[in-house]
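For reference, the structure is listed below as structure tokens.
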Amino acid sequence: MNEPSPEKMVSATVHGRVQGVGFRWATRERAQSLELRGWVRNDPEGTVSLEAAGSRTALTAFHEFLRQGPPGADVVRVDWEPGFSIDAAMNFVIRR
């Protein structure tokens, strides 16, 4: 009998031209399509921060998306590390 893979949580900061190009909306859509939970927001420094929870497979695909970003974005770097503060009941949302 196969057991479901355990849920993982991550925090990330995306650097580059990631504000004013629809990055948060594209990130939310991709996260929802991968059945991830969490949030994304613009930071005052010009970066985008997020936390996400889901399967290892979904998070790997999400990380690949973040490294490319939507059309118009120019991602320079993604800082990706284990996260621990996801509200288990929430969907993936945009924070202001």
Side-chain angles (χ1 to χ4, degrees):
M1 176 183 216
N2 290 337
E3 292 187 30
S5 63
E7 185 169 85
K8 303 294 182 188
M9 298 180 197
V10 297
S11 295
T13 302
V14 186
H15 302 263
R17 187 172 50 143
V18 294
Q19 292 190 11
V21 295
F23 201 97
R24 291 177 299 156
W25 286 270
T27 298
R28 179 184 63 192
E29 285 186 21
R30 183 69 174 135
Q32 289 174 342
S33 75
L34 292 167
E35 299 181 356
L36 297 174
R37 294 175 296 105
W39 55 265
V40 61
R41 72 169 179 230
N42 283 342
D43 295 323
E45 302 82 22
T47 57
V48 170
S49 292
L50 61 97
E51 290 187 347
S55 72
R56 180 183 306 269
T57 302
L59 288 170
T60 298
F62 190 53
H63 187 229
E64 289 302 313
F65 164 79
L66 294 174
R67 292 176 59 193
Q68 296 295 315
D74 183 16
V75 176
V76 173
R77 180 176 93 237
V78 178
D79 298 333
W80 181 267
E81 60 188 53
F84 303 100
S85 66
I86 297 290
D87 177 354
M90 72 200 286
N91 293 319
F92 202 94
V93 298
I94 295 173
R95 289 190 176 170
R96 306 237 184 253

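Atom CD of Q68 has 12 or fewer heavy atoms from other residues, nucleotides or ligands within 6.0 Å. The number of heavy atoms from other shown groups lying within 6.0 Å of CD (E35) does not exceed 12.
The main-chain N or O of V40 is never found under 3.5 Å from a side-chain atom of E51 such that the two would form a donor-acceptor pair. Here the side chain of R96 pairs no donor or acceptor atom with the backbone of R41 at under 3.5 angstrom. Proximity of a side-chain donor or acceptor of Q19 to a complementary backbone N or O of D43 within less than 3.5 Å is detected.
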Take T13 and D79 through the side-chain hydrogen bond (donor to acceptor under 3.5 Å, both in side chains) test and state the conclusion after the steps.
CA-CA 5 Å; T13 302; D79 298 333; 5.2 Å; no

Apply side-chain contact (heavy atoms from CB on, under 4.5 Å) to residues W39 and S49 and explain how you reach the verdict.
CA-CA 8 Å; W39 55 265; S49 292; 4.2 Å; yes

Check against side-chain contact (heavy atoms from CB on, under 4.5 Å), L59 and L36:
CA-CA 8 Å; L59 288 170; L36 297 174; 3.8 Å; yes

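A pairwise comparison of heavy atoms in R17 and G72 identifies NH2-O, 2.9 Å as the closest pair. Here the closest non-hydrogen pair linking L66 and V78 is O-CG2, 3.8 Å. Residue G46 comes nearest to V18 through the heavy atom pair O-CG2, 3.6 Å, listed as atom of the first residue, atom of the second, then distance. The minimum heavy-atom distance between L50 and F62, with the atom names listed, is CD1-CE2, 3.7 Å.
For the atom pair CZ of R56 and OG1 of T60, the computed distance is 7.0 Å after rounding to the nearest 0.5 Å. Remark: R24 CZ to I94 CD1 distance equals 5.5 Å, nearest 0.5 Å. A distance of 11.0 Å separates NZ in K8 from OG1 in T57, rounded to the nearest 0.5 Å.
R37 has a carboxylate O that lies under 4.0 Å from a charged side-chain N of E7, or vice versa, which qualifies the two as a salt bridge.
Taking the six-membered ring where tryptophan is involved, the planes of F23 and F65 are tilted, since the angle between them lies from 30° to 60°.
Side chains of V75 and V14 form a contact here, defined as non-hydrogen atoms less than 4.5 Å apart.
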